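Worksheet for the structure shown next.
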Amino acid sequence: MYPVQWFPFSEHPKSDSCWSLSVGPEGRIYAAACCEMRGGETVKLMRYNEQTQQLDCLFEADKVIDDPRDSGRATQCKIHYSFAPSVSDGIMYMATHLSGPPIDDCFYSPWNGWQDSNCFRGAALIAYDTNTDQVLWWDTLFPKEGCRCLVIDEARGLLYALTCPRDHLFVYDLAKRSAHDLGRIGSINSQALLLDASHRVWSTRDDGRLVRYDPERDRIEVSPHVLPYNTDFQTGWHNVFYDAVAAPDGRSIFTTPWFSNPHMVRLWLDEGDWGRVEDLGPVTQDRSPYFPDPFMRDHCGGLTFGGDGQLYYVASRWYDPVHNSTAGGAFGREGLVWRMDPTTGAREIVAVLERPECAAQYVSRGAVDRNGDLFFAHVSWDQTGDIPVGIFKVTLPAECKRANAHLPIRIWG
Amino acid sequence: MTPVSQPLSNIPWYTLTEQERSARIHGRFVSEGSFVAFPLCLPGASLPIIHDESAITALATTGDGLIYGGTSGFRCHLFAAIFHGAGGGVLDLGVVTDADQCVALAVGAGFIVACVNGPSGGRLILRAKQEMASDLIQEWDFGIEPTRDLGQPASGEPILHAVADASGQWLIGLTSQHLFRYAIGSDSIELLAPLKSVGAIAADLRGNVYGLEVVSDDQPASLWRCHAATGLFTRNAIPLPAGAWSACRPVWTRHPLSGELFLSDAAGRIYSFADDHVGSALAKVPYAPLLTMAATADGRIFGHCGEGICRLFVLDLSSGELKDLACVASVLQAKRYGYQFASAVLGRDGQIIFGENDNGAHLWLYFPRIKDHVVLA
């Protein structure tokens with residue numbers, strides 16, 4: 001087993017979730033210390049310091065975007081899957097998300113709040129210069145809604161974002177500093193936006209079909225195919241993207257859904273009219289088909305390629321009296337770091353993520369830094385467990401590392 | 001730093017009772033009645049109308065309970081739906097060529113007439129009513145009737161709206177510059193008068209059709225009237241009370257029994273209109289604009305209001321009370337949030353069918369809470 005270190009967000013003691021972790025354009029690891037279960041809080045941007053082996057707090061979001069946490073509105077509480085590094089100029093783009101309640105409340109409904117004075121001001125797009133460690137500028141990406149996920153088309157100077165709750169796809173022109181609504185997709189947010197070689201943006205719809213925005217056609221199109229799922233007890237509904245990572249050769253993408261019994265799926269988006277879809281099978285354990293497992297327990301995320309060209313991801317394992325009566329560790333659930341050979345599909349467990357005080361089965365995102373080590377973001381169970389949350393570092397053996405292992409860089413959150 | 005293990009009671013959300021937490025989640029949606037969002041297809045046997053061609057912008061019903069609809073978007077489709085007996089499906093009747101917007105549908109004399117707009121202007125499309133006598137549970141058979149393009153009422157002018165009169169023999173419509181008439185099933189369209197009007201128009205049970213005169217802020221507002229069978233057109237026929245009529249696109253509904261009309265102004269006030277008289281405002285929706293309205297036989301008006309994420313409302317005509325019924329969601333058939341609606345008709349059994357004006361649109365069947373029903377503690 002590879003050594004694992006836990007780095008809590010000590011500078012944000014109330015942070016209850018880390019929904020986003022990404023490598024920056026220069027190869028360092030950035031993470032969002034989010035706080036959504038308490039009123040009047042904000043997200044803080046953290047970065048792993050290789051020298052001190054600690055997390056540095058770079059800024060508090062409410063302060064840099066002039067939306068104070070005590071405004072009485074829903075707060076700028078998190079950065080969801082919305083880091084997007086721009087390698088050419090060293091800028092890390094990021095967009096904020098909603099759900100944190102106003103300071104005097106304990107819950108925020110973005111639907112009910114839409115018409116209210118406490119409505120979320122809107123997702124803020126932040127341009128953070130990693131060369132100078134300064135916020136260059138920020139804009140409201142779209143009013144009233146949060147940003148679920150973000151992808152950058154660096155060649156064209158565009159960012160694409162998905163709104164929450166209305167599930168609209170937006171494009172933001174970095175040169176013009178303006179956003180444009182491309183239309184609604186569905187009700188269940190995809191948790192990732194992908195970009196193909198033809199500059200098309202890919203997402204998913206509620207029924208598990210691939211959705212694609214083609215700038216040349218200026219249309220949101222829906223695939224005739226449904227992504228793979230367990231046909232024994234599922235219908236394809238809710239089989240939307242959770243996490244996705246491009247293979248190092250850039251020709252295919254590995255992805256898992258935001259649903260229970262997740263399958264690893266490989267996509268070749270540039271082949272044929274609607275790409276090619278390969279089902280690599282389930283990545284978590286068997287379970288009863290008669291109970292709808294919460295996907296805070298049955299989960300797979302943190303997909304990232306190491307410097308060795310192997311796919312790493314974190315899949316949960318939990319105690320089940322019928323299907324897995326010896327698993328789950330001290331807390332009944334645990335996060336397993338898997339390494340998978342992308343050419344053969346062979347896989348093995350290389351680490352177990354453990355916190356001394358709680359389970360660590362839910363990892364949102366993973367990344368490899370410029371030195372070749374792995375980092376994973378932890379989300380607490382229902383965000384109610386042990387605070388602060390933080391990130392895991394998994395140190396890979398020297399033979400699995402390489403310089404600039406983060407390249408080619410991941411362009412979506 | 002030593003991590004802190006948090007008992008649930010330390011999380012503010014969990015200091016609420018289960019009842020309070022439930023109210024703050026479920027109570028934010030459809031606080032009375034139930035929605036069924038139905039996809040524009042026969043589920044399990046066909047795919048819905050294409051995502052960005054499906055926004056439902058026109059609806060009409062027939063006496064036998066069929067529902068017809070027209071869509072807007074990249075292309076315009078017509079569809080038929082049945083939700084009673086052994087039905088339960090939506091049939092795509094096809095694409096209307098060179099059209100991207102359906103602004104009105106009317107049913108009469110065995111036909112449906114669609115008013116569509118495209119790059120060259122507005123046109124009328126005629127087709128026979130759709131045969132839907134099939135068991136959609138087990139075995140079905142459909143023929144698709146051909147359509148006839150009746151051409152443009154006024155060259156190059158988009159159609160704003162149209163309605164059938166109470167007899168179902170005539171269609172009265174409005175382009176950007178003219179009022180027109182069409183004998184349903186015939187081949188010709190007749191221009192009645194030059195007219196600049198706005199928004200939707202409505203028919204009463206006496207054979208008249210009404211619309212809003214365009215006025216500036218300093219002019220008294222009024223309705224024009226057209227008697228469909230004779231073509232008699234009267235400007236400024238019905239004075240309107242004080243209201244937000246300038247730049248207004250009124251929404252109308254008609255009581256299914258009395259024929260009393262109701263219309264809205266730009267501020268979301270609702271007015272009754274009967275016996276050639278528009279009364280003062282009955283109520284005002286909490287968020288403008290008012291998007292849809294449908295009156296039920298038991299004396300209630302249901303509709304949507306508000307931009308972005310709309311809300312459902314009900315106006316009880318007997319008490320004058322208007323209630324905000326919260327945000328719109330369907331948990332039956334399709335699980336979906338409803339954000340924008342543009343049309344509403346009354347269903348066979350008093351349920352209301354709303355047309356969703358959005359990508360991936362559904363027909364939303366609303367089954368109101370039974371009037372005077374008491375929720376037991």
Side-chain angles (χ1 to χ4, degrees), chain A residues 6 8-11 13-14 16 36-39 101 104-115 119 143-145 165-169 182-188 205-207 209 211 217-222 224 235 237-238 355-358 380 382-390, chain B residues 1-16 20-21 23-29 31 37 39 43-44 47-48 50-55 73-74 286-288 305-311 324 326-330 334-340 356-362:
Chain A
W6 168 244
F9 294 139
S10 303
E11 293 199 50
K14 293 181 180 176
D16 48 34
E36 57 183 332
M37 294 300 288
R38 289 166 178 78
D104 58 351
D105 208 343
C106 62
F107 179 74
Y108 177 66
S109 164
W111 295 275
N112 196 62
W114 186 266
Q115 312 281 4
C119 182
K144 295 191 173 188
E145 296 194 85
R166 295 191 310 154
D167 204 26
H168 279 227
L169 181 66
L182 300 173
R184 182 180 179 182
I185 292 178
S187 289
I188 306 166
R205 200 170 66 168
D206 301 3
D207 57 3
R209 293 174 190 275
V211 168
R217 296 166 59 84
D218 194 23
R219 295 189 70 178
I220 295 174
E221 302 170 301
V222 181
T235 64
W237 172 75
H238 213 299
R355 291 176 54 183
E357 70 288 358
C358 72
S380 189
D382 284 344
Q383 302 95 62
T384 58
D386 301 85
I387 58 174
V389 293
Chain B
M1 171 175 183
T2 304
V4 181
S5 186
Q6 293 283 335
L8 289 183
S9 60
N10 282 1
I11 309 296
W13 172 244
Y14 290 101
T15 63
L16 302 179
E20 289 169 332
R21 294 201 305 273
R24 298 199 65 173
I25 292 180
H26 302 300
R28 301 314 192 204
F29 295 96
S31 54
L47 290 178
I50 290 172
H51 188 71
D52 61 357
E53 301 177 358
S54 65
F74 194 77
Y287 308 103
C305 63
E307 290 182 333
I309 295 179
C310 70
R311 298 176 76 94
D324 177 354
C327 301
V328 177
S330 164
K335 289 180 184 282
R336 183 172 171 86
Y337 306 113
Y339 295 137
Q340 289 295 292
E356 186 181 11
N357 182 21
D358 212 338
N359 281 350
H362 289 58

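For clarity, every value in this text was computed on a predicted model and none was experimentally measured. Note on naming: letters A, B, ... go to the chains in the order of the sequence lines (proteins, then strands), and numbering restarts at 1 for each one.
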Strictly distance-based, threshold 3.5 Å: is any side-chain N or O of Gln115(A) a donor or acceptor partner for the main-chain N or O of Ile309(B)? yes
Partners passing side chain to side chain contact (heavy atoms under 4.5 Å, CB included) against Ala288(B) (at least two apart in sequence or in another chain): none
Using every non-hydrogen atom in the two residues, find where Met37(A) and Pro12(B) come nearest and quote the distance to one decimal. O-CD, 3.7 Å
Test item: His51(B) side-chain N/O and Arg184(A) main-chain N/O as donor-acceptor pair under 3.5 Å: yes
Straight-line distance of Trp114(A) CH2 to Tyr287(B) OH, nearest 0.5 Å: 13.0 Å
Please round to the nearest 0.5 Å and tell me the distance separating atom CZ of Phe74(B) and atom CG of Asp218(A). 9.0 Å
Can you tell me how far apart CZ (Phe107(A)) and CZ (Arg21(B)) are? Round to the nearest 0.5 Å. 11.0 Å
Side chain, backbone, both or neither: which part of Trp111(A) has an atom under 4.5 Å from a heavy atom of chain B? both
Could you tell me which non-hydrogen atom of Tyr337(B) sits nearest to which non-hydrogen atom of Ser187(A), and how far apart they are? N-OG, 3.0 Å
With rounding to the nearest 0.5 angstrom, report the CG to NE2 distance, Asn359(B) to His168(A). 7.5 Å
With sequence neighbours excluded, what pairs up with Asp207(A) under the salt bridge (Lys or Arg N to Asp or Glu O under 4.0 Å) test? Arg205(A), Arg209(A)
Between Leu16(B) and Cys106(A), the two heavy atoms sitting closest are CD1-SG, 3.5 Å
Measuring from atom CZ of Arg219(A) to atom CD of Glu53(B), what distance do you get when rounded to the nearest 0.5 angstrom? 5.0 Å
Is Asp105(A) in contact with chain B via its backbone, its side chain, both, or neither, using a 4.5 Å heavy-atom distance? side chain
Contacting region of Pro165(A) [heavy-atom separation from chain B under 4.5 Å]: both
Top of Gly308(B), Gly306(B), Ala326(B), Gly360(B) for chain A proximity - count of heavy-atom pairs under 4.5 angstrom: Gly308(B)
Could you tell me whether Arg217(A) and Asp52(B) have a side-chain N and a carboxylate O separated by less than 4.0 Å? no
Give the member of Ile220(A), Val389(A), Val211(A) that has the highest number of heavy-atom pairs under 4.5 Å with chain B. Ile220(A)
Residues Glu307(B), Lys144(A): salt bridge by 4.0 Å N-O rule: no
Value rounded to 0.5 Å, distance of NZ in Lys335(B) from CD1 in Ile188(A): 9.0 Å
